[in-house]
There are 2 protein chains.
Amino acid sequence: MPRDATLEDVARQAGVSLATASRVLNGSTRQVGRALRERVEQAAAELGYTTNRAAQALARSASDILGLVVHDLSDPYFAVVANAVVRAAERHGLSVMVGTTFRDPEAEIGYVATLRAQRVRAIVLAGSRIADPRVTERLRKEIDRFQSTGGRAALIGQDLLGVDTVVPDNRAGARALAVSLAELGHSRFAILTGPSTLLTAVDRVTGFTEGLASAGLPAPLLIPGPFDRDGGYAAAERLVALMSGEAGAEPIEGAEFPASEVTCVFAVNDVMAVGALAALRAHGVDVPGRVSVAGFDDIPTLRDLTPSLTTVRLPLAEMGRRAVELAMGTAPITAEPALTEVVLRESTRPLP
Amino acid sequence: MPRDATLEDVARQAGVSLATASRVLNGSTRQVGRALRERVEQAAAELGYTTNRAAQALARSASDILGLVVHDLSDPYFAVVANAVVRAAERHGLSVMVGTTFRDPEAEIGYVATLRAQRVRAIVLAGSRIADPRVTERLRKEIDRFQSTGGRAALIGQDLLGVDTVVPDNRAGARALAVSLAELGHSRFAILTGPSTLLTAVDRVTGFTEGLASAGLPAPLLIPGPFDRDGGYAAAERLVALMSGEAGAEPIEGAEFPASEVTCVFAVNDVMAVGALAALRAHGVDVPGRVSVAGFDDIPTLRDLTPSLTTVRLPLAEMGRRAVELAMGTAPITAEPALTEVVLRESTRPLP
DNA sequence: CTGTTAGCGCCTTCAG
DNA sequence: CTGAAGGCGCTAACAG
C-alpha cells in the first residue's frame, strides 16, 4: 500500500531542499523564488501531497483543532449550538472535535482530558453546570491544567469554572416570563422543574418563582423530573393526576393551593414542554383551554408545534458563535449575559 | 508558561528510560516490572502527564480520530445520525471530528481533504449524493486517495462512491407509503419533491410515483423546492394557491388532474412536512380534514406534532452506528439497505 | 524485563 | 533566497 507523499518526497521530486518545500507549501511568510516555488507546487500536485497536520501540529506545537463538549447532539438545543460552533470555528480555520457526555459529569471531565491529550487549541464546553461542587472543582482543575499550558477555553452556561463564559440569563428570562404570564391573568402555576442538580433548571425555577412573587402571587407547584422530553411527559402526567384529584397521585408538599386550580404550566425547557403537551393531549387536557403551557429556549425546530409554544428565546446560534470567539480571544470578555426575550404564542392564553 | 510534561520528563523523574515510561504509560503489551511501573505511574501523576496524541499518532502513524461529514448539524436528521456516530466511535476509542457542508459539494470535497490532512483513521460521509456526476467523481477521487493510503471510509446515502455504504431504501419506503395511502382511499396526490439534484429526494419521488402507478392511480402533481422546512412551507403555499384556483398561481405542467382534487400531500422529508403543515395551517387548510400529509424519516423530535405525522421510519441511529462499524471494518459488508417502515398517524386519514 | 537508538513528518533557527 | 540540521513527543525494533 503506497504511503502518503511526504514533504521530503515533494522536495526530492522538485529538486529542492526540505526547507524550501516547507516554505512554499506550509510556511506563512513564504519568500521563495518564483521558479522554485512553481517546481515545488507542481511536484506537490503530481504526488498528491497533503500536509500532515498531526506532524505539523507537533512541530509547531500548536494544533488547529477546537474541542467541543456537549451533553447530547441529538438534543436540538445542542444541535443548534454545535452547528454554530462548527461554523465559527471554520472561519478561524479550525476543525472541530466533538464529545458527548449525556450529562455525565465524569464523562465531561474525561472528555476535557481527551481534548487536552489531543493538544487542541481551544475547548468550548456547552451545557448546564451541576450543583455538585466536588465534580465542578475537578472539572475546573482539568481546565486549569489545560489553560496553564496555553490552552484556551470558553463555556456556555453558569460562570463557575473561571473561564470566559457565555451566560444565558436563565433567571431573568424566567422571571420575565412569569410576569408576562401573570399579566395574562394566571395566578396558579405549576413548574415542571427538571432535576434539582442541574443549575440551568434551578435558575429557571428560581427566576420564575421570583417573578410570581413580585406579582404578589403564591408559590407555584413544583414537579421535578428529568430534563428531557420524556421527563416533561412524565411530570405532566403526574400533574394531570393531581389536578383531577386522582387517588394514587403523590401530593406535592408545601402547596399553597390545590392542584386543580392550576391554569398555567411552565416547563423549564422546550423539549420538556413538548413532552408535557403530548401528555396533556393524551389525557384529554386542552391546551390552552384548560391549562396554558410555556417552555424555555425557543428551539427553532419546535416552532411549528400546535399549539405554538410560548417560551423564552435564547440566541442559541449566537451563543455558540460567541463562545468560539471567547475561546479564540477574538471577542471582548464583557460578561453581559445572553439576552433573553419572552415570546408569547398560542400555548398560553389570557384568562378572563 | 509551563509547557506540558513530556514522556521524557516522566522518565527522568522516575529514573527510567524513555522506552520504559512509554511502555507503562502507553504501550499495549506492557511487560514492565512492578517496581518500575509504579515509579513511572507516580511520576506521571505528579507531573500531570498526558500523552500527546498528536505525537503518538505521528510515531505510530495511526491516529485515533474519526472524521464525520454532514450537511447540517442543526437538522434533526443529521443531529441524530451524528449523535449515533459519536457514540459508536467512542466505543472504538476514537474521537470524532465533524464538518458541515450545508449541501455544498465543494465543501464536502474540501472537508474530506481536511480530514485526509489530519490523517484520520476513518471517514463517515452522511447525506444524499447529488446528481452531478462531475462532482461525484471528484469526491470519489478524493476518497480513493484517502483509502489508497490506508484510510477507511463509509457512507450513508446512495452507493455511488465505491465505498461501504449504508443505503436507506428511499425508493421502496416511498413506494410502500404510496401504496398505504392509496389503500386509505386517496387517489389524487401532490409531492413536495425537494430539489431534483438531490438523489435522496429523487429516489423518494420515484418510489412514491411507482407506488401510485402500481395501484393504478394517476401520476402525482410535482412541486419542487428546497429540502428544508422553509422549502416545504413555500411548496405547500404554492399548492394551496393552485388548489384554490388562485389567479397568479403558476400551474403545474403535465398535470393529469386539477390541483383542487388533491387529497393527499407527500413531502419527501419530515422537516419539509413540518413546513407544509405550518403553511396549510396558516392558510386555513385543515389537515387531515381537507388534505392528508405524509413525510419521510420519522425524526424523533417531530413525533409530538399535532396532527402527528404519517411518515416512513428510517433507523437513523442504527444507520449512524452501522456506518461506523463499516468504516472500522467491524461489520459485514452485506449491502442490505436500511429497513424502512411506514408509520401511519393522524396527519393522514382514510377517505370514505 | 529494560535501555539505546532510530525514525514518524514537519518546522525553524542558523549559516551560506 | 536557499540549504543543513536539530528538535517537537512518542514508538518500535534491536540489543543487552
Side-chain angles (χ1 to χ4, degrees), chain A residues 1-41 43-44 47-65 116-121 149-150, chain B residues 1-41 43-44 47-65 116-121 149-150:
Chain A
M1 178 169 53
R3 57 174 183 65
D4 279 301
T6 76
L7 235 203
E8 192 174 350
D9 296 335
V10 174
R12 190 178 320 126
Q13 164 116 341
V16 302
S17 77
L18 229 186
T20 298
S22 172
R23 288 195 266 256
V24 10
L25 261 14
N26 305 315
S28 36
T29 54
R30 69 255 168 88
Q31 350 205 33
V32 174
R34 182 186 172 74
L36 284 196
R37 172 175 330 151
E38 284 175 355
R39 272 162 55 197
V40 170
E41 279 165 349
L47 296 173
Y49 172 76
T50 311
T51 304
N52 183 327
R53 300 273 174 194
Q56 196 173 59
L58 182 57
R60 293 218 256 244
S61 55
S63 84
D64 51 357
I65 302 179
R116 191 158 79 85
Q118 294 284 358
R119 300 296 190 270
V120 300
R121 178 104 121 254
T149 54
Chain B
M1 179 169 50
R3 58 175 181 64
D4 278 301
T6 76
L7 236 202
E8 193 175 348
D9 296 335
V10 175
R12 188 177 321 124
Q13 165 116 340
V16 302
S17 77
L18 228 189
T20 297
S22 173
R23 287 194 267 259
V24 9
L25 261 14
N26 306 314
S28 34
T29 53
R30 67 244 167 94
Q31 355 205 30
V32 173
R34 182 185 172 74
L36 284 196
R37 171 173 333 148
E38 283 175 356
R39 270 161 58 196
V40 171
E41 279 165 349
L47 296 172
Y49 172 76
T50 312
T51 304
N52 181 328
R53 300 274 175 193
Q56 194 172 60
L58 182 58
R60 293 217 257 243
S61 54
S63 84
D64 52 357
I65 303 179
R116 192 158 76 83
Q118 294 284 358
R119 300 296 189 271
V120 299
R121 177 108 120 250
T149 53

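Remember, it's a predicted structure, so these values are computed and weren't measured experimentally.
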### Task
Report the residue (A:Q56 or B:G33) whose heavy-atom-nearest nucleotide on DNA chain C is the more 5′ of the two.
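Nearest-nucleotide comparison on DNA chain C picks B:G33.
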### Message
With nearest nucleotide decided by heavy atoms, which residue, B:A59 or B:A35, maps closer to the 5′ end of DNA chain C?
### Response
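So the residue in question is B:A35.
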Starting at atom [atom1] of [X], determine the distance to atom [atom2] of [N], rounded to an integer number of angstrom.
X      : N     : atom1 : atom2 : result
B:L18  : C:dG7 : CG    : P     : 17 Å
A:R12  : D:dT2 : CZ    : P     : 20 Å
B:E8   : C:dT4 : CD    : C1'   : 13 Å
A:R119 : D:dC8 : CZ    : P     : 14 Å
A:L47  : C:dG9 : CG    : C1'   : 15 Å
B:R37  : C:dC1 : CZ    : C1'   : 11 Å
B:R53  : D:dG9 : CZ    : P     : 16 Å
B:L7   : C:dG3 : CG    : P     : 13 Å

#### Entry: Distance in Å, B:I65 CD1 paired with B:Q118 CD, rounded so as to fall on 0.5 Å steps
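So the CD1 of B:I65 and the CD of B:Q118 are separated by 5.5 Å.
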### Message
What's the separation between atom CG in B:N52 and atom CG in B:N26, rounded to the nearest 0.5 Å?
### Response
10.0 Å
### Message
Measuring from the side chain of A:R60 (C-beta onward, heavy atoms only), which nucleotide among D:dG9, C:dT12, D:dG3 has the closest atom?
### Response
C:dT12
#### Entry: Side-chain donor/acceptor of B:R39 to backbone N/O of B:A14, under 3.5 Å
yes
### Task
Say whether, by atom type as modelled, one donor and one acceptor occur between the side chain of B:T149 and the main chain of A:D4 under 3.5 angstrom.
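Side chain of B:T149 to backbone of A:D4, a donor-acceptor pair under 3.5 Å: no, none is there.
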### Query
Considering all heavy atoms of both residues, which atom of A:L47 and which atom of A:A5 are nearest to each other, and what is their separation?
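Reported closest heavy-atom pair: O-CB, 3.7 Å.
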Side-chain N,O ([X]) to OP1/OP2 ([N]) below 4.0 Å:
X     : N      : value
B:S22 : D:dT11 : yes
B:S17 : C:dT4  : no
A:N52 : C:dC8  : no

### Task
Identify whether any heavy atom of A:L58 sits under 4.0 Å from a base atom; if not, whether one sits that close to sugar-phosphate; answer base, sugar-phosphate or nothing.
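A:L58: base contact, heavy atoms under 4.0 Å.
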### Task
Would you mind classifying the nucleic acid contact of B:S61 as base, sugar-phosphate or nothing, using non-hydrogen atoms under 4.0 angstrom?
nothing
### Message
Tell me if the side-chain of B:R3 makes a donor-acceptor pair with the base of D:dG9, cut-off 3.5 Å, by modelled atom types.
### Response
no
